[in-house]
Amino acid sequence: MTDQELIRREALRKLRELGIDPYPAEAFEVTAFAADIVANYQEETLADGTKNRLNYQDVALAGRIMAVREAGKALFMNLQDSSGRIQLYVRRDEFLQGDDATFFDVVIKKLLDLGDYIGVRGFAFKTRTGEVTVHVQALKLLAKSLRPLPIVKRDAEGNVHDAFTDPELRHRMRYVDLTVNPEYRQIFIKRSKMIRTMRAYLDELGLLEVETPILQPVYGGALARPFITHHNVLDMPLYLRISNELYLKRLIVGGFDGVYEFAKVFRNEGIDRTHNPEFTLMEFYVAYKDYHWLMGVTEQMLERVARALSDDGSAIIPYGEHRLNFAGPYARFTMAEAIRQYTGLDIETATERDLRAYCDQHNIEIDPSMGTAQLLDEIFSEKVEKHLIQPTFVLDYPIEMSPLTKQHRSKPGLVERFELYVNGKEVANAYSELNDPLDQRKRFEEQRRWAERGDEEAMATDEDFLRALEYGMPPTAGIGFGIDRLAMLFTGQTTIQEVLFFPQMRPEG
RNA sequence: GAUCCCGUAGCUCAGGCGGUAGAGCACUUGACUUUUAAUCAAGGUGUCAUGGGUUCGAGUCCCAUCGGGAUCACCA
C-alpha cells in the first residue's frame with residue numbers, strides 16, 4: 001500500500017474514534033445541483049450598496065471534494081456532483097461547539113481528503129472575486145475515499161495540467177476517468193440519447209421492442225466466428241450470438257408486423273479502434289415492406305437523431321474535417337455505379353479476369369480462390385468506401401455475399417440489399433429479406449460448400465429457421481445498425497473504446 | 001498475427017557517452033477568516049513493468065515475457 005493510502009486508512013480509524021461513521025447508512029436529501037446554482041443564482045445591490053441574495057438560500061448538495069484551498073480559519077473546496085462543480089466556503093465559526101473547534105480543525109481540515117463524498121447544507125452567495133459559492137453551515141461525511149484520485153487541474157487560462165490521459169488506465173478504471181475527466185460523460189450521455197431517440201422513433205412506427213436469445217444452439221445471421229460455451233445440464237455447446245437476425249425473422253413468421261431489438265452481439269475476432277468483441281447491433285424487421293421503404297425510414301430516423309444530438313438542432317454533425325449532413329434524402333448508388341464512378345470499371349461487362357487484372361494493377365491483395373463477387377467486394381473496399389463521406393446508400397449487391405437476402409426483382413445475379421456508408425464506413429446493412437424457403441436452403445448449401453473449402457465464417461444451416469420459413473414469412477424488410485459506430489459518428493470519436501464504458505482489455509499483470 | 005513506439009513517485013513527465021533517482025501537482029507538518037493551478041515555510045516519496053544477460057557497475061546496452069498505443073493484416 002502506498003503512503004497516501006496508509007494515511008487515508010489512518011484517517012478512517014481516527015474518524016471512527018471521534019464517533020463519525022465514514023460510511024453512514026441513512027439517505028442524504030439533495031435539494032440542489034452545482035450547475036443549477038452556478039447558472040441561476042441571483043442577487044441585487046441595494047441603494048446602500050449591500051447585496052441582497054435572492055435564491056438558493058437553503059440548499060443541500062452532495063458530491064466529491066475535488067480541491068481544497070485552506071485559508072486559516074476558513075477554507076474553500078470545490079465540490080463535484082453529477083451536474084458539475086461549485087465552490088464551497090467553509091468557515092470555522094460555523095462549526096464551533098462552545099469552545100471546541102475539533103470538527104473544523106481536525107475532521108474537516110485533517111481527516112477529509114480529495115475524493116471523499118460529503119453532503120453540505122448552506123446558502124449561495126458571490127465571493128468578492130465574483131464566484132458563485134455555497135457558504136456551508138453543516139457538513140457531513142457521506143463516504144470516505146481510500147485512494148488518491150489523479151486530480152486534473154485547470155489554470156486561469158483554461159490550460160489543463162496533469163491530465164489523466166493514459167488510455168490503459170482510463171479504460172481499466174473508467175470510474176476514475178469519469179470522475180476526473182467529467183467531459184467524457186457527455187459522450188455517454190449522447191450515446192444514451194441517441195438510443196433513446198431511435199427507440200422513440202421505432203415505437204412511433206408501431207414496432208415492438210423484443211428480446212431474443214443470446215445463447216444460441218446454432219449461430220447465424222452474420223458471417224463471423226463465434227464464442228463457444230457449454231451448457232452443463234443439457235451437456236451441449238451453445239454459441240453467444242453473432243447476430244439476432246434469424247430470431248427476429250422467426251417473430252415475423254409468428255405474426256408480429258414489426259419488431260426491433262438493441263442487441264449485444266459477440267464476435268470472436270480482433271480488437272482495434274473499430275472492433276470490440278462484444279458490441280451493440282440494433283436490428284428491425286417490418287412485414288410487407290421492401291428495402292426501398294427502409295431507405296426512407298433510415299433517413300428519417302438518423303435525421304431525427306442528428307437533430308437531437310447536434311448543438312444547434314440542425315441535422316449537421318461535425319466529424320473531424322467533415323460536416324456530416326444527416327438530412328435526407330441521401331445519395332444512392334448501385335454498387336455497379338459506385339464502382340464505375342471511382343474505378344472506371346464496368347462490372348456488367350467485366351470478366352473475372354478483368355477484375356483480377358485491375359486488382360494487380362492497383363495493388364489490391366487478392367487470392368486465387370476469390371470469385372467475381374469477392375473481387376468486387378475487395379475493389380469496393382479499397383477504392384470506393386473511403387469516398388463515401390456524406391451518408392450514402394449503396395444498393396444491389398452480388399448474390400454470393402448475401403445468403404439471407406431476396407434476389408433482385410429485376411437484376412439477375414443481384415440481391416435487394418443496401419448498405420449505408422457514412423465517413424467511409426458502413427453503419428447499416430439492410431435487405432428485402434429472403435422468404436423463399438427453398439431458395440434459402442440452397443443458399444445455406446452454398447455456404448456449406450464454402451465452409452468445406454475452409455471458410456471459417458461461412459454460415460451454418462439453421463434447420464429450425466428453415467422450418468419457420470416453410471410455414472411462411474410475409475415479404476419483409478430488415479436492417480441492422482452498428483450502434484457503436486453510429487455513436488462514434490455522433491459524438492466525434494475515432495475509437496470504439498471511447499464510446500464503450502468498459503472496452504475489452506487484456507487482464508492486468 | 002506482423003512491424004514500430006511506449007512502460008520511471010498516486011498523476012503528468014525529465015533522466016547526455018552506463019557511475020547507484022529528479023521536477024510539478026498530490027501527500028505530511030506549520031502559518032493564513034473571500035481563496036480559486038491559492039500563497040508562504042519545511043519534509044518524505046520509488047521492486048525504474050517482469051525475468052534473464054553483458055559489465056567492476058544497468059533506469060540507461062542486449063534477449064525474452066507481460067501490458068498499452070499506432071500502422072498493417074484479419075474482421076464488418
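Across all strands, A:Glu5 comes closer than 4.0 Å to no nucleic acid atom at all (heavy-atom distances). Residue contacts for A:Gln497: at a heavy-atom cut-off of 4.0 Å it reaches no nucleic acid atom on any strand shown. A:Ala224 comes within 4.0 angstrom of the backbone, heavy atoms only, and of no base. Across all strands, A:Phe481 comes closer than 4.0 Å to no nucleic acid atom at all (heavy-atom distances). As judged by a 4.0 angstrom heavy-atom cut-off over every strand, A:Asp93 is placed among the base-contacting residues. A:Phe104 comes within 4.0 angstrom of no nucleic acid atom, judged by non-hydrogen atoms across all strands. At the heavy-atom level, A:Arg267 lies under 4.0 Å from the strands shown only through sugar-phosphate atoms.
Contact check, A:Lys110 against B:rU28: no side-chain N or O comes under 4.0 Å of OP1 or OP2. In terms of phosphate contacts, A:Arg225 brings no side-chain nitrogen or oxygen within less than 4.0 Å of OP1 or OP2 of B:rC75. Look at A:Lys153 and you'll find a side-chain N or O under 4.0 angstrom from OP1 or OP2 of B:rA26. A sub-4.0 Å separation between OP1 or OP2 of B:rU33 and a side-chain N or O of A:Arg91 is absent. Checking the phosphate oxygens (OP1, OP2) of B:rU35, a side-chain nitrogen or oxygen of A:Arg128 falls inside 4.0 Å.
The aromatic rings of A:Tyr358 and A:His362 sit parallel, their planes meeting at an angle under 30°, below the 60° perpendicular limit. Ring geometry for A:Tyr342 versus A:His387: interplanar angle under 30°, hence parallel rather than tilted (30 to 60°). Note on ring orientation: taking the six-membered ring where Trp is involved, the planes of A:Phe266 and A:Phe227 are perpendicular (angle over 60°, cut-offs 30° and 60°). Taking the six-membered ring for Trp and thresholds of 30 and 60 degrees, A:Phe95 and A:Phe104 have nearly parallel ring planes, at less than 30 degrees apart.
To the nearest whole angstrom, the two C1' atoms, one in B:rU12 and one in B:rU54, are 34 Å apart. Distance check on atom P: B:rU65 versus B:rC27 gives 41 Å, rounded to whole Å.
Two residues, A:Asp113 and A:Lys73, neighbour RNA chain B, and the one matched to the more 5' nucleotide by heavy-atom proximity is A:Asp113. The nearest heavy atom of RNA chain B to A:Glu378 and to A:Met505 marks one nucleotide each, and the one closer to the 5' end goes with A:Met505.
Checked by distance alone, A:Arg69 brings a side-chain donor or acceptor within 3.5 Å of a matching partner on the base of B:rU35. At a cut-off of 3.5 angstrom, counting only N and O atoms as typed in the model, there is a donor on one side and an acceptor on the other between the side-chain of A:Gln87 and the base of B:rU35.
Checking side-chain atoms of A:Gln407 against main-chain N and O of A:Glu416 turns up no donor-acceptor pair under 3.5 Å.
The interatomic distance linking A:Asn159 (CG) with B:rG24 (P) rounds to 19 Å, in whole Å. Between the NZ atom of A:Lys425 and the P atom of B:rC75 there is a distance of 17 Å, rounded to whole Å. Rounding to whole angstrom units, CZ of residue A:Arg8 and P of B:rU28 are separated by 8 Å. The nearest whole Å value for the distance from the NE2 atom in A:His275 to the C1' atom in B:rA70 is 16 Å. Atom NZ of A:Lys109 is separated from atom P of B:rU28 by 13 Å (rounded to the nearest Å). What separates CG of A:Leu111 from P of B:rC27 is a distance of 14 Å, to the nearest Å. Atom CZ in A:Arg53 sits about 13 Å away from atom C1' in B:rU34, given to the nearest Å. In this structure, A:Glu498 atom CD and B:rG68 atom C1' are separated by 14 Å, rounded to whole Å.
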- What one-letter contact string describes nucleotides 6-11 of chain B from 5' to 3', where B marks a base within less than 4.0 Å of any protein heavy atom, S marks contact via sugar-phosphate atoms alone, and - marks no contact? ----BS

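Ring stacking is absent between A:His161 and B:rG24, as the pair misses the limits of under 5.5 Å between centres and under 30 degrees between planes.
For the pairing with A:Tyr431, the side-chain contact (heavy atoms from CB on, under 4.5 Å) check across A:Thr405, A:Thr476, A:Ile479, A:Val415 returns one residue only, A:Thr405.
Stacking of A:Arg191 on the aromatic ring of A:Phe501 is not recorded, the 6.0 Å distance cut-off and the 45° axial limit not both being met.
Glycosidic conformation of B:rG16 is syn; the angle stays within 90° of 0.
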- RNA chain B in dot-bracket form (Watson-Crick or G-U pairs under 3.5 Å, [ ] crossing, | inter-strand) is (((((((..((((.....[..)))).(((((.......))))).....(((((..]....))))))))))))....

